[in-house]
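Reviewing the structure listed below.
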Number of protein chains: 4
Amino acid sequence: MTTPVRTQRADATRNRELLLAAAEQEFAEKGLEASVADIARRAGVAKGTIFRHFATKEDLIAAIVGGHFANLTAVARELLEADEPGAALLELLTVTADNLQQKDLTFLQSVTAQDSQVIALRDELYEAISALVERARTAGAVRPDLTGTDVFVLMCTPVHAVGFLSDPAPDVWRRYLALIFDGFRPEGATPLPRPAPNWP
Amino acid sequence: MTTPVRTQRADATRNRELLLAAAEQEFAEKGLEASVADIARRAGVAKGTIFRHFATKEDLIAAIVGGHFANLTAVARELLEADEPGAALLELLTVTADNLQQKDLTFLQSVTAQDSQVIALRDELYEAISALVERARTAGAVRPDLTGTDVFVLMCTPVHAVGFLSDPAPDVWRRYLALIFDGFRPEGATPLPRPAPNWP
Amino acid sequence: MTTPVRTQRADATRNRELLLAAAEQEFAEKGLEASVADIARRAGVAKGTIFRHFATKEDLIAAIVGGHFANLTAVARELLEADEPGAALLELLTVTADNLQQKDLTFLQSVTAQDSQVIALRDELYEAISALVERARTAGAVRPDLTGTDVFVLMCTPVHAVGFLSDPAPDVWRRYLALIFDGFRPEGATPLPRPAPNWP
Amino acid sequence: MTTPVRTQRADATRNRELLLAAAEQEFAEKGLEASVADIARRAGVAKGTIFRHFATKEDLIAAIVGGHFANLTAVARELLEADEPGAALLELLTVTADNLQQKDLTFLQSVTAQDSQVIALRDELYEAISALVERARTAGAVRPDLTGTDVFVLMCTPVHAVGFLSDPAPDVWRRYLALIFDGFRPEGATPLPRPAPNWP
DNA sequence: AATGAATGAGGATTCATTCAT
DNA sequence: AATGAATGAATCCTCATTCAT
C-alpha cells in the first residue's frame, strides 16, 4: 500500500535514468561541450528537469563517472573469486576496454577530479584492482614489480590507442590490450627505471 | 627599399611565433576551452591580429598540431641513422613522452582530424616511425608482429597514463614507457588476437 | 463528525500562518527575490502547498502587506483613546518604526500597489492616522498645516534613513523620528511651499 | 592628427554614455530586475557590447551609482562658496530631491554596498555635505546637534515619502523637504534621544 | 597590418507555476 | 489537501568572429 509514494518516485527514477543515458550519449558524441539543453532534449524532458535531478552540470557528470567506477568495482570484486588470478586480471581489463570502446567517457574525469564522492568510488575501484593484481602477482601471472596503480593508470590505454585511428575495426583494442598485457608478464621483463607511484 | 617590407614580414613572422607559443601555453593550461582572447592577451597582440594569421581558431590549432608532428618527424628521421635500431625506437618514444610531459596538446588532435595539412604531416610522421619500427624488427629488437601503426597509436600512452595520478613525479612516465616497451620485445610475446590495423 | 473537518481547517490555518511567517523572514532577509521554494522550505511545507494558500506569489505578498496594515490600524485606533493626542501620534510613529526596524517589508508594497484588498486596508490605516493627526492638530500638538497624508508618507522615514548606514545601532531610528517629529511641531514652523496632496 | 585614435574612442565613449542612459531609464522603470538585454536594446547596441563596457551587471550599476554621487559632490562643493550657509544646505537638498524625483535610483545602492569605488565616491559626498552642514551650524542656520551624517541619511527622504502616493503632483516633494528642513532648524528643537551615528 | 569595438548565437542556471499522484 | 516532479521562459554572461578605423 506504499505504492502511491513509490509510483511517483518511479517516474522520477525513470527520468533520472533517461537523463543519465542521454547525457552519456551526448557526452560520448560531442565531448564535454555537450549542452545541457541537448541532453534534456535527447532524454525527452524539459531543460529544468535536469537541474532537479542534478543541481549542476558537474553533478551530472559526477553521477556518470561515479556510476562507471561503481560498475567496474563490482566486476573487479566478482573476479576476485575467479580461479585463475592472471586470467581474472586480464578479464577485468577486457571488460573495461569493452565498456570504453562502446562509450568512452574518460575525459569526464577531468571535471570530477575534486569531487569527494567520485574520489571515494574511484578509490574503491583502486582497492579492488590492487587486490586483483596482488593475487596475480602471488600466482606468478604478472611481473613482481607490477602494482595496482600501474594497472589502474594503464587500464584505458588500449581503447585510447585505438582512438588515434580514423575508422578502426570495433575490436582492435584487443590487439593493444594483448600487447600491453604482454608487458605485464614476468617473461622478458626488464627492470623498471622508476618506482611505482603512490596512490593519490 | 626592400627593407621596410622585410621588416614588416619579420614582424609578422615574429607575431606568428608569439601567437603559436602563447596558444600552446594557454591550451596546455586550460584545454580546448582556452579562449582566443586569452591567447591574444598572452601573446601581447590584439584579438583581431590573431585572425589575420589564422582565419579560424581551428586553423590556429591545426598549425600547432602540425608543428608538433613536423618536429617529431624530424627527430624520427634523424634516428633512422642511429646505430642500434631498438635503442633508436626507444629514443623516439622517450623524446615524444618528454615533450608531452611538458606540454600535452594531444587533445587538440580531435579538432584537426579532418584538416588535410595536418593529415599530411601526420602521415609523414607515420612513415618515419614505420621505417624505424621496420629496422628494429629486422634487427630482432622488437617482436615480429609489431607495426608502425602499433607504435604510433601507443606513443602517447605513457604520459596519458600518468595523467590519472593527482600529483605525479615529473618522470613517472619513464616507468610506463618501459613497461609498454617490454610489451614490444620479442621475449615473452604471445600471439596477438587481432591483425594490426591499416593506416587510415 | 465535524471534528475531522475542523482538524483539517485548523491544519490549513496553521499552515497559512507558518507560510506567512516564513515568507516574512525570507523577504526580510533576501528582498523581493526571495524564492517561493525557499519560503516553502522554511515553512516546512511542499512548494505546491504554498500555491493552494496563495494562488500567486503576489497574493502571498498582498497577504503580508495587508496584515501589517491591519496591525498598525489596530494600534492607531487604540491610540485614538489616549489622553494626550500629541504623545499618541508620536507613539504610533514609534510603534511603526519599531516594527520596521525589526523587519522592514516596505518594499513589498511596490508589488501590491494595485491590489484592491491591500488598498482597502491601507485606506483604513490612513483614516485612523488622519483621525489621530486631527486630534493632535486640534490640541495644538502639531502644526496646523500637517495632514494625515503627510504623516502617512513620512512614517517609514526614520527607519529608512537608518538604512543608509552600514552598521547602525539598533535604535538610531529614535534620533531620526525625533528630528522629523520636531518638524511636525508648531514651534518654528515655516509656511509649506505646496499644499498637502490628496489621499490617492 | 591623433584624431583616428580618438575617433574610435569617441564611438566607444558614445556607446558607454548611451548604455548608462539606457540603463538608468530601464532601472528607473523596472527596478533592479531590469534585464541587461533590455538595456542593450534600449541603447541600440548588441547584448555583448554591454559586457565590453561593464564586465558585470553589478559593474554597470556601480558606474551609475558612482556617477550620481560624483555629480552631487560637485554641486555640494560649489555650494560651499555660497553666501548664505543655511540656504546653501537647503539648495543641496533641493537639487538632490529634484534629481531623485526625475529618476530615483536609490535602490541601486543596495547592490553596490561593497564596491570600493562607489564607497570612495560616497565618502567624498559625505565630506562635502559635512562641510556644508558645519558651515550652516556655525552660522546658526541649523540646530547645533545636526551632523553631516544626519543630513546624508535624510537626504532622499522627501522623494521617498512621495513614493507612497499613487499619482503625486511632480513637486510635492518640496512640501516634505520643507517639513523635514523645519526639523533641522534651531527653533523649536527638542533634545535628540540618541547621539548621531558615526559615519560608516 | 594592427587594433579593439561590436556582434549575436549559445550556454548554464533559476524560478514561478502547473499537474499527476 | 498535500506533495514534489516537471515545465519552459527568462536571466546573466562568454566567445569566436567581423569590421570600421
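Order of the sequence lines sets the chain letters (A, B, ...), proteins ahead of strands, with each chain counted from 1.
For residues 43-64 of chain B, no residue pair satisfies the side chain to side chain donor-acceptor pair (under 3.5 Å) rule, not counting sequence neighbours. The salt bridge (Lys or Arg N to Asp or Glu O under 4.0 Å) pairs that include a residue from residues 103-113 of chain A are A:Glu24-A:Lys103, where partners are two or more places apart or lie in different chains.
Residues from residues 28-41 of chain B placing a heavy atom under 4.0 Å of any atom in DNA chain F, listed by number, are B:Ala34, B:Ser35, B:Val36. Of the residues in residues 50-67 of chain C, those with a non-hydrogen atom less than 4.0 angstrom from any atom of DNA chain E are C:Phe51, C:Thr56, C:Lys57.
When each of D:Gly44 and B:Gly44 is assigned the nucleotide of DNA chain E bearing its nearest heavy atom, the one mapping closer to the 5' terminus is B:Gly44.
Contact annotation: the side chain of B:Leu60 approaches that of B:Ile39 to within less than 4.5 Å [non-hydrogen atoms, C-beta and beyond]. In this structure the side chain of A:Val36 reaches within 4.5 angstrom of the side chain of A:Phe51, judged on heavy atoms. You'll find the side chain of C:Pro200 reaches within 4.5 Å of the side chain of C:Arg122, heavy atoms only. Taking the side chain as every heavy atom from C-beta outward, A:His68 and A:Asn99 never approach each other to under 4.5 Å.
The CD atom of B:Glu26 sits 16 Å away from the P atom of F:dT14 (whole-angstrom rounding). When the C1' atom of F:dA6 is taken as reference, atom CG of A:Leu19 falls 11 Å away, rounded to whole Å. One interatomic measurement links the two molecules: CZ of A:Phe27 to C1' of E:dG11, which rounds to 13 Å at whole-angstrom precision. Between the P atom of F:dG4 and the CZ atom of A:Arg16 lies a distance of 18 Å, rounded to the nearest Å.
Scanning for salt bridge (Lys or Arg N to Asp or Glu O under 4.0 Å) contacts around B:Glu29 gives B:Arg42, with sequence neighbours left out. With sequence neighbours excluded, the residues forming a side-chain contact (heavy atoms from CB on, under 4.5 Å) with D:Ala43 are D:Leu18, D:Leu19, D:Ala22, D:Val45, listed by chain and number. By the side-chain contact (heavy atoms from CB on, under 4.5 Å) test, D:Asn71 is found to be paired with no residue, residues two or more places apart in sequence or in another chain being considered. In this view, B:Lys30 and B:Glu26, B:Asp38 satisfy the salt bridge (Lys or Arg N to Asp or Glu O under 4.0 Å) rule, not counting sequence neighbours.
Picking from F:dT17, F:dA6, F:dA2 the nucleotide with the shortest atom distance to the side chain of C:Lys47 gives F:dA6.
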List the atom pairs, donor and acceptor, that lie under 3.5 Å between side-chain atoms in residues 108-121 of chain A and the rest of the protein, sequence neighbours left out.
| from | atom 1 | to | atom 2 | distance (Å) |
| --- | --- | --- | --- | --- |
| A:Ser110 | OG | A:Phe107 | O | 2.9 |
| A:Thr112 | OG1 | A:Gln109 | O | 3.3 |
| A:Asp115 | OD1 | A:Gln117 | N | 2.9 |
| A:Asp115 | OD1 | A:Val118 | N | 3.0 |

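Side-chain nitrogen and oxygen atoms of B:Asn15 include at least one within less than 4.0 Å of the OP1 or OP2 phosphate oxygen of E:dA2.
For DNA chain F, the stems formed by at least three consecutive Watson-Crick or G-U pairs, with both atom-pair distances below 3.5 Å, span E:2-21 with F:2-21.
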